[in-house]
Colleague: 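The structure's right below; bear with me while I get my questions together.
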Number of protein chains: 2
Amino acid sequence: MESKVMSIGVVCELTGLSERQIRYYEERKLVFPARTKGGNRRYSFEDVQKLQEIHQKMQEGFNTFELKEIISPKTKRCAPAYR
Amino acid sequence: MESKVMSIGVVCELTGLSERQIRYYEERKLVFPARTKGGNRRYSFEDVQKLQEIHQKMQEGFNTFELKEIISPKTKRCAPAYR
DNA sequence: CGTGTAAGGAATTCTGACACG
DNA sequence: CGTGTAAGGAATTCTGACACG
């Protein structure tokens, strides 16, 4: 499910993360929720999954900079080693 | 997806129905959204699908009473004709 | 019967900032 | 760096009612 339909409150419940954490991960360019005309965030189930991966990795010691490479969009993810 | 995660606004966008229509179908016992602690409705993708079926049938001339039998929960849906 | 609407209130979310570290 | 929090405002949703029919 890639449709952006959940408000941040629901995502908090599903992930156990705080609004602050979720918004911060967005600030660090790790997740990209859609926005309503009014400016409210809308997340997909994929986003929820990604957020959980992010939190998981952070508990393992990674910082948001490193995560940007690990939890990257699938398209870039499997790029072959150039050279 | 049976998880109740969407607010009524998103459901309106997905179905093209008005909030009024959606709430009315609930009043007629055709859909059963979950509620947040604060009282806000939360719908699942199944609910969205059911709402579309309801609207479809209504345009075909059925009223909410008749629909309660047609668009019934799957468990009751295939009940064998008794007698 | 089914749906639109204005009304007033309440729940939810938003941003920018201060704080700690 | 990552996250908590109080602050003030704005968007979203809620209920009950009047309206038409």
Colleague: What pair of heavy atoms forms the shortest contact from Val10(A) to Arg42(B), and how long is it?
Modeller: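 For Val10(A) versus Arg42(B), the nearest heavy atoms are CG2-NE, 3.4 Å.
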Colleague: Pull out every protein N or O sitting under 3.5 Å from an N or O of nucleotides 4-9 of chain C, one pair per line with the distance.
Modeller:
unit_1	atom_1	unit_2	atom_2	d
dG4(C)	OP2	Ser18(B)	OG	2.6
dG4(C)	N7	Arg20(B)	NE	3.2
dG4(C)	O6	Arg20(B)	NH2	3.0
dT5(C)	O4	Arg20(B)	NE	3.3

Colleague: Between atom CG in Leu51(A) and atom P in dT3(D), what is the gap in whole Å?
Modeller: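 Rounded to the whole Å, the gap is 11 Å.
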Colleague: Closer than 4.0 angstrom, basic N to acidic O: yes or no for Glu19(B) and Arg23(B)?
Modeller: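 Salt bridge: yes.
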Colleague: Nearest whole Å is fine: how far is dT3(C) C1' from Ile8(B) CD1?
Modeller: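 Answer to the nearest Å: 13 Å.
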Colleague: Would you call Lys37(A)-Glu13(B) a salt bridge at under 4.0 Å N-O?
Modeller: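 Counted as a salt bridge, because a side-chain N and a carboxylate O are separated by less than 4.0 Å.
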Colleague: Which atom names give the shortest non-hydrogen contact between Thr15(B) and Ile22(B), and what distance separates them?
Modeller: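 Reported closest heavy-atom pair: OG1-CD1, 4.3 Å.
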Colleague: Could you state the NZ-P distance from Lys57(B) to dG2(C), rounded to the nearest angstrom?
Modeller: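 Roughly 16 Å, once rounded to whole Å.
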Colleague: Does the side chain of Arg35(A) get closer than 4.0 angstrom to OP1 or OP2 of dT15(C) through an N or O atom?
Modeller: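 Yes, within the criterion.
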Colleague: If we ignore angles and hydrogens, is there a donor and acceptor under 3.5 Å between the side chains of Gln56(B) and Gln52(B)?
Modeller: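 There is no such pair between these side chains.
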Colleague: Do Phe45(A) and Ser3(B) make a side-chain contact, defined as non-hydrogen atoms from C-beta onward lying under 4.5 Å apart?
Modeller: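 Answer yes - side chains close enough.
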Colleague: So Leu17(B) and Cys12(B), do their side chains get closer than 4.5 Å, heavy atoms only?
Modeller: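 Not in contact.
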Colleague: Treating a pair as Watson-Crick (purine N1 to pyrimidine N3 plus N6-O4 or O6-N4) or G-U wobble (N1-O2 and O6-N3) with both distances under 3.5 Å, list the stems of 3 or more consecutive pairs that involve DNA chain C.
Modeller: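 Result, WC/G-U stems under 3.5 Å: C:2-5 with D:17-20, C:17-20 with D:2-5.
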Colleague: Given atom CD1 of Ile54(B) and atom P of dG2(C), what is their separation to the nearest angstrom?
Modeller: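 About 11 Å, once rounded to whole Å.
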Colleague: Does the side chain of Val11(B) come within less than 4.5 Å of Asp47(B)'s, by heavy atoms?
Modeller: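 Side chain of Asp47(B) against side chain of Val11(B), heavy atoms only: no contact under 4.5 Å found.
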Colleague: What are the residues of residues 22-31 of chain A, sorted by number, that bring a heavy atom to within less than 4.0 Å of DNA chain D?
Modeller: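 Heavy-atom cutoff 4.0 Å gives Tyr24(A), Tyr25(A), Arg28(A).
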Colleague: Is the closest basic N to carboxylate O distance between Arg20(B) and Glu26(B) below 4.0 Å?
Modeller: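 Salt bridge absent between Arg20(B) and Glu26(B).
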Colleague: Less than 4.0 angstrom from a charged side-chain N to a carboxylate O is my criterion; do Lys57(A) and Glu53(A) meet it?
Modeller: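 A salt bridge is absent here (no side-chain N lies under 4.0 Å from a carboxylate O).
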Colleague: Please determine whether a side-chain nitrogen or oxygen atom of Thr64(A) lies at a distance below 4.0 Å from atom OP1 or OP2 of dG2(D).
Modeller: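 Checking dG2(D) against Thr64(A), a side-chain N or O does come within under 4.0 Å of OP1 or OP2.
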Colleague: Please figure out whether Asn40(A) or Phe65(A) has its closest DNA chain D nucleotide nearer the 5' end.
Modeller: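 Between the two, 5'-proximity favours Phe65(A).
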Colleague: Between Arg42(A) and Asn63(B), name the one whose nearest nucleotide on DNA chain C is closer to the 5' end.
Modeller: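 Residue closer to the 5' terminus by nearest nucleotide: Asn63(B).
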Colleague: Pro33(B) and Lys4(B): which non-hydrogen atoms are nearest, and at how many Å?
Modeller: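 Smallest heavy-atom distance, with atoms named: CA-NZ, 4.1 Å.
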Colleague: Is Arg41(A) close enough to dT13(C) that one of its side-chain N or O atoms is under 4.0 Å from OP1 or OP2 there?
Modeller: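 For dT13(C), OP1/OP2 do not have a side-chain N/O of Arg41(A) under 4.0 Å.
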